[in-house]
Every structure is written in structure tokens, then in C-alpha cells.
Amino acid sequence: MTTAIQDTPALNSLTHLECSLCNKKFEAGKIHNLCDCGGPLLVRYDLERTRRTWNRDQVKRGPNSMWRYAPVLPVTRQTSIISLGEGMTPLLPARRLGKRAGADDLWIKDEGLNPTGSFKARGLSCAVSMAVELGIRKLAIPSAGNAASAMAAYAAAAGIPAHIFMPSDVPQANFIECKAYGAQVTLVDGLISDCAKIVAAGQKTEGWFDVTTLKEPYRIEGKKTMGYELAEQMDWQLPDVIFYPTGGGVGIIGMWKAFHEMEALGWIGKKRPKMIAVQVEGCQPIVRAFEKGEQRSQFWDDAHTVASGLRVPKPLGDFLILDAVRSSGGTAIAVSDAELIDAGIQLATDEGIFVAPEGAACVSALQKLLERGFLRRHEKIVIYNTGAGLKYLEAYSSRFPRTAAGEQDKLGGLITPR
Ligand SMILES: Cc1ncc(COP(=O)(O)O)c(C=O)c1O
Ligand SMILES: [Zn+2]
């Protein structure tokens, strides 16, 4: 297997961008954010043409990263690609946990092994590569934490300055990473929605390009590779059920797009997995909208949770998430912080996989949906763990208090002799 990006087939058949709300078309190769109507733009390709020049078997000969899917990614020049080895994360069987929960065919797609320890690497690799291609020189992002780390890393790799706005209580790992990557970091006393307002204002005054998820059209393209990769790893048979921890929901929207594209390429059939959007009790706008049968979500007041990536009070692409969940026959479900930490520790103990609280939320949701009979034990179930547990030591440390230093001294001072 090769890792050389140069080995990918000659790039894509990108045709245009299209508003996901009003279907207005936008020219490729130009700088875009949202449509005038406020709708996020989606990238469109001539998949009939791609189908004639690229097939499933060629994928395996591509690089060992998400760039093996370059023909369905928006970058048109090899030299624009900024890669740190994102994607091709392992799909791991979870037999012990499955037995405990009553699921015979349970898998974990472990996105914690990406550069910067989360799936955000996929979206930011694509977005920063497009920034290079389009000649953008100043990037700014509001982030719940992990997108900031990924943007800081890829901007550093591209040599582009990054301006980062995160809630002041983001996990320490995100703050330190961004600083180490040389980004300009501002901690904001508020939520990601407050950070987004600052970035939007700086677009005009500072000349920043706004990399807010879905306002920037290419992050979703990187994230959709989670769907392509899963299909490839399952030998082009999609599972029955996918659990996805949903904040902005871009992973769900991206995978849903990938499934449609793969069908158009003739790689998979019509069958779709039930998409399960997992949220937390302290911030569950999608669950609420799903239960009420609404197309859009309401702003969730006083959003709070240890799963910082799920603290998104009003996802911009709510209507796209809800459409994917509903048309797949899936559901939306919230779990408590205490339940998700318990589930994360259970998974680590059973399988040796230490997941982010966001991934842990899915484990807890799985248990609930099996108990309720919404899912059955023979179904093939994939849980997306979107980040590494190691990035969330504050969240887990409440369960593992260490002996105070004074107490350790009394034990003989073996580690720190006086
Ligand atoms: C670890 C983790 N999981 C899930 C999410 C939510 O991602 P999405 O926007 O795809 O819903 C985030 C977002 O910050 C995250 O950091
Ligand atoms: Zn529009």
C-alpha cells in the first residue's frame, strides 16, 4: 500500500455548488460562504463522468488516507492538498461490550486515531486545502474545541495564520494544542454560538475567511469520507445502524451525502443504515425537533455538558440532519453526562478503546435503544467514536480522583523522595 498522494487518479469532476435550501447554483473555483437565503452550500460533481473513470477497486490503490477519495473531493490540484495522514481509521469489533449490551454485531469506528485526535481532521484537511487552492490567506473559526485544534494544525502545515475563538471552558488539550500550533487563540466567555458572532464580525473588519462549519462549504466534504471509508471497510455493504454524536451534525449530513454519491457511482444499492443522532440531556435541540416532528430546531438555552463537541445550541444544518435521521428510519436520543461517562469507562474496560465523551454518549444511547426494543440484537451496528478519550482528562478525572500529594508522601515517598 502506498501513502503517496500523487498516486490518486487525476482529480475530480466538480461541477458547481448548490444551496441546500433554495437550490441556487454557485460557480466552482470561487470563494463562497452561505447562500444569500442563509442556506449552506453543497458541492456537486458529475458523478456519471466519475463513474466511467474511477471504480471501487482503484480506491484500494490510493493513499492510506481520506485522500484516496480525491475524485469525489473538491480539491482540483494535487499541490493544494494539505494532509497529515487523516482518515483510514480502524473499524474495531466490540464483542465484549456487544455481549453485555445485547448486540451480536457491534463495531466501533475509532476516529480518535486521526491527527489532532478527532474526526475534525478530515473536515479541516479539506477546508484548509481548499483555502490554499483558492488563495485565502487569513482563516478564522469558532469552535467547541476539536475543530479548533484541527484547524490550527492544518493551518500551521499550510503556513496560513489561524484565528481561533473557543468557549473559555474548552478542554485544556484543545487550548494547549492550538497554542502549540502557533494559532491566535481567543477564549470567549460564552458558547460556540457567541464565538461564531465574533468571527462573522471579523470577516468584514479583519478580512478573515469564516471557516464556521457549513458556512464554509468544504469541511463537510472531508467529513463525508467517513461514509465512503465505512463502506469500503465493510466491503461495500452498509451496516443496519449508525450511531453518531451530533453537535453541528456535519458528520451525519456528510455521510448521508456520501451514501447518495456512492449509489450514483454504482458502488452501493438503495439500502441505508438507520441514522441515530445522539445528543446530551444538557443540549438536545435535534432530539426536541425530532420528537415534535419539526423541520428546524429551536435554540437550546443554557446548553451544558462534558461532551463539549455536543454543546451546539442551534445547528445551522438542523433541517439536513433531521431529514437524514427521518428518511433513514432512525431516531434522535439524548443521554445524561453521568450515563455517558459510565458508558465510556465500560467501553474502555471491555474493549481497550478509550473514547471521547461524545463517542461514549453513543454507547449509552445504544444500551437504551436495545432495551426499548428499537434495535434488535442481530443488527449490524456501527458506533462512531469521534475523538480520543485522552483529550478529555478533565471530564474523566471526576471518576478517578488521585491520592493527594500529602497522602502519597505518607506512603514512603517512593516516587518523590525527600
Ligand atoms: C469529539 C466530537 N464529536 C462530535 C462532535 C460533533 O460533530 P458534528 O458537527 O459532526 O455533529 C464534535 C464537534 O465539536 C466533536 O468535537
Ligand atoms: Zn439559497
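First listed ligand is number 1; within each ligand, the first listed atom is number 1. Quick caveat: nothing in here was measured; it's all calculated off a predicted structure.
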Checklist entry - With ring centroids as reference points, do Trp208 and Phe165 lie under 6.0 angstrom apart? => result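 Yes, the ring of Trp208 comes within the 6.0 Å limit of the ring of Phe165, centre to centre.
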Item to check | Ring centers of Tyr181, Tyr154 separated by less than 6.0 Å | outcome: no
[atom] [closest protein heavy-atom partner, distance rounded to 0.1 Å]:
atom	value
atom 7 (O) of ligand 1	Phe119 CZ, 3.2 Å
atom 10 (O) of ligand 1	Tyr244 OH, 2.7 Å
atom 16 (O) of ligand 1	Asn146 ND2, 2.8 Å
atom 2 (C) of ligand 1	Thr386 OG1, 3.4 Å
atom 8 (P) of ligand 1	Gly249 N, 3.3 Å

Next on the checklist: Tell me the contacting part of Tyr392 for ligand 1: side chain, backbone, both, or neither, using a 4.0 Å heavy-atom threshold, strictly below.
Outcome noted: side chain
Going by distance only, is there an N or O of [X] that falls short of 3.5 Å from an N or O of ligand 1?
X	result
Val250	yes
Gly251	yes
Gly248	yes

Next on the checklist: Distance alone, cut at 3.5 Å: any donor-acceptor contact between the side chains of Ser328 and Arg272?
Outcome noted: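 Their side chains do not contain a donor-acceptor pair, so the 3.5 Å distance test is not met.
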Next on the checklist: Checking Asn33 against Gln203: is there a side-chain donor and acceptor pair closer than 3.5 Å?
Outcome noted: yes
Checklist entry - Counting each atom of ligand 1 from 1 as listed, which ones have a heavy atom of Pro245 under 4.0 Å away? => result 4 (C), 6 (C), 11 (O)
Checklist entry - Does the pair Arg399 and Asp342 meet the rule for a salt bridge (charged side-chain N to carboxylate O under 4.0 Å, His left out), with working shown? => result CA-CA 9 Å; Arg399 293 301 170 88; Asp342 282 345; 2.4 Å; yes
Checklist entry - Should one rank Met255, Lys120, Glu111 by closest heavy-atom distance to atom 12 (C) of ligand 1, which comes out on top? => result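 Going through Met255, Lys120, Glu111 one by one, Lys120 has the nearest heavy atom to atom 12 (C) of ligand 1.
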Checklist entry - Would Asp350 and Arg100 count as a salt bridge (charged side-chain N to carboxylate O under 4.0 Å, His left out) if you check the C-alpha gap in whole Å, the side-chain angles of each, and the deciding distance to 0.1 Å? => result CA-CA 9 Å; Asp350 279 347; Arg100 188 187 298 281; 2.8 Å; yes
Checklist entry - Name the one of Lys270, Lys257, Arg51 that satisfies salt bridge (Lys or Arg N to Asp or Glu O under 4.0 Å) with Glu263? => result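 One option only clears the test, and that one is Lys270.
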Checklist entry - Yes or no on salt bridge (charged side-chain N to carboxylate O under 4.0 Å, His left out) for Glu351 and Arg95, after CA distance, side-chain angles and deciding distance? => result CA-CA 8 Å; Glu351 304 292 345; Arg95 294 195 191 92; over 6 Å; no
Checklist entry - What do you reckon, does Thr246 put a non-hydrogen atom under 4.0 Å from ligand 1? => result yes
Item to check | Side-chain ion pair, Arg219 and Glu216, N-O less than 4.0 Å | outcome: no
Checklist entry - When you draw lines from the Zn ion (ligand 2) to SG of Cys35 and to SG of Cys22, what angle lies between them, to the nearest 10°? => result 110°
